Amino acid sequence: DKGELTISGGTFSGGVDVLQTMGGSTNSGTIKISNGTFNGNINLGLTASASAGNLEISGSAVINGDVINTQQDSVVINGGTITGTIHNTGNGTMQVNSGNFSEQPHSAYVNGASTVAKYTTGDVATFIVGSASDVANQLSNAVKGDKIEIMQGDAEITVTEGVSVSNTGTGTVTVNG
């Protein structure tokens with residue numbers, strides 16, 4: 001029916017797959033998630049004959065699981081936090097413009113204009129993707145002993161003394177400039 005589902009809050013738990021594609025042999029739809037917590041995987045395209053649908057994750061949505069696109073859906077991540085991995089194993093698309101990730105998003109999915117940073121505090125690493133200013137804003141909370149690795153894009157960041165900063169990408173990185 002090409003319907004649209006908008007989720008702007010709440011907690012959703014679904015065992016292995018908390019959300020599956022809207023679609024079937026002739027149906028497709030759009031799912032927009034801008035807030036809320038999802039405990040489990042988001043698994044799109046479980047039916048081989050499903051028409052292409054759209055998924056957009058943004059805002060402060062938290063996905064405690066993987067985001068998997070197995071067929072021909074279009075997935076766009078414009079924010080939020082994903083604690084699992086993201087996969088595109090079918091003929092669909094996966095685009096990461098911004099967000100926080102426990103696992104590094106594959107470079108083929110990351111928007112080339114985005115800045116990507118690996119932020120490590122203690123033994124926990126978070127991959128931050130977004131505009132240079134959004135990434136810099138998140139990294140401004142780093143404290144002594146933390147590590148920042150700019151992996152893609154330009155960055156102009158201000159950090160306190162004792163924060164390690166490295167540039168392993170090809171962009172220009174300015175620290176406390």
Side-chain angles (χ1 to χ4, degrees), residues 4 6-8 19 21 28-36 38 41-45 52-121 124-142 146-160 163-177:
E4 184 171 304
T6 300
I7 301 171
S8 57
L19 181 65
T21 191
S28 63
T30 298
I31 303 169
K32 295 181 179 181
I33 302 170
S34 62
N35 197 351
F38 294 77
N41 298 331
I42 294 179
N43 201 339
L44 304 173
N54 301 296
L55 170 66
E56 180 184 341
I57 300 170
S58 64
S60 57
V62 176
I63 314 300
N64 291 315
D66 300 336
V67 176
I68 306 162
N69 186 6
T70 64
Q71 295 297 330
Q72 51 190 348
D73 294 295
S74 169
V75 178
V76 178
I77 302 173
N78 286 323
T81 299
I82 299 174
T83 63
T85 60
I86 58 174
H87 302 285
N88 187 47
T89 59
N91 293 323
T93 60
M94 177 81 67
Q95 182 174 340
V96 177
N97 297 319
S98 63
N100 294 341
F101 304 86
S102 295
E103 301 286 332
Q104 181 179 357
H106 191 286
S107 61
Y109 307 149
V110 177
N111 182 329
S114 294
T115 295
V116 179
K118 178 181 179 184
Y119 172 58
T120 306
T121 182
V124 177
T126 301
F127 295 88
I128 304 168
V129 178
S131 69
S133 61
D134 287 346
V135 171
N137 185 48
Q138 287 192 56
L139 295 174
S140 67
N141 295 321
D146 289 352
K147 297 175 185 174
I148 297 171
E149 176 186 352
I150 305 300
M151 304 172 76
Q152 175 182 306
D154 298 333
E156 186 172 332
I157 57 177
T158 302
V159 296
T160 60
V163 174
S164 169
V165 179
S166 64
N167 179 9
T168 59
T170 58
T172 301
V173 176
T174 305
V175 180
N176 296 338

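As the structure is a computational prediction, the values presented were derived from the model and not from experiment. Start at 1 with the first residue, then count along the sequence.
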For [X] and [Y], which heavy atoms make the closest approach, and how far apart are they?
| X | Y | answer |
| --- | --- | --- |
| S98 | F101 | O-CZ, 4.1 Å |
| A125 | K118 | CB-CE, 3.8 Å |
| M94 | V67 | CE-O, 4.0 Å |

Heavy atoms, side chains only, cut-off 4.5 Å: are [X] and [Y] in contact?
| X | Y | result |
| --- | --- | --- |
| I82 | I77 | yes |
| I7 | F38 | yes |
| V165 | I157 | yes |
| I86 | D66 | no |
| I31 | N54 | no |
| T89 | N69 | no |
| L55 | I33 | yes |
| V110 | V116 | yes |

Donor-acceptor side-chain pairing of Q138 and N100 below 3.5 angstrom: yes
Short side-chain donor-acceptor distance under 3.5 Å, N35 and S8: no
Atom pair [atom1] ([X]) and [atom2] ([Y]), whose distance is rounded to the nearest 0.5 Å:
| X | Y | atom1 | atom2 | result |
| --- | --- | --- | --- | --- |
| F127 | M151 | CZ | CE | 5.5 Å |
| N97 | N78 | CG | CG | 4.5 Å |
| T160 | N141 | OG1 | CG | 10.0 Å |
| Y119 | T126 | OH | OG1 | 8.0 Å |
| S133 | E156 | OG | CD | 10.5 Å |
| I150 | S166 | CD1 | OG | 8.0 Å |

Please check if the side chain of [X] supplies one atom and the backbone of [Y] the other of a donor-acceptor pair under 3.5 Å.
| X | Y | answer |
| --- | --- | --- |
| S131 | D134 | yes |
| N41 | N43 | no |
| Y109 | N88 | yes |
| T120 | D146 | no |
| T115 | D154 | yes |
| D73 | G53 | yes |
| Q152 | S114 | yes |

N176, CG: over 12 other non-hydrogen atoms inside 6.0 angstrom: yes
CA sep, side-chain torsions, deciding dist, call: T168, E149, side-chain hydrogen bond (donor to acceptor under 3.5 Å, both in side chains): CA-CA 7 Å; T168 59; E149 176 186 352; 2.8 Å; yes
side-chain contact (heavy atoms from CB on, under 4.5 Å) assessment of I63 paired with T83: CA-CA 6 Å; I63 314 300; T83 63; over 6 Å; no
Residue pair T93, S74: steps toward the side-chain contact (heavy atoms from CB on, under 4.5 Å) verdict: CA-CA 5 Å; T93 60; S74 169; 3.4 Å; yes
E4 and K32: CA distance, side-chain angles, deciding distance, side-chain contact (heavy atoms from CB on, under 4.5 Å) verdict: CA-CA 8 Å; E4 184 171 304; K32 295 181 179 181; 3.9 Å; yes
Candidate pair L44 and Q71, rule side-chain contact (heavy atoms from CB on, under 4.5 Å), full reasoning: CA-CA 7 Å; L44 304 173; Q71 295 297 330; over 6 Å; no
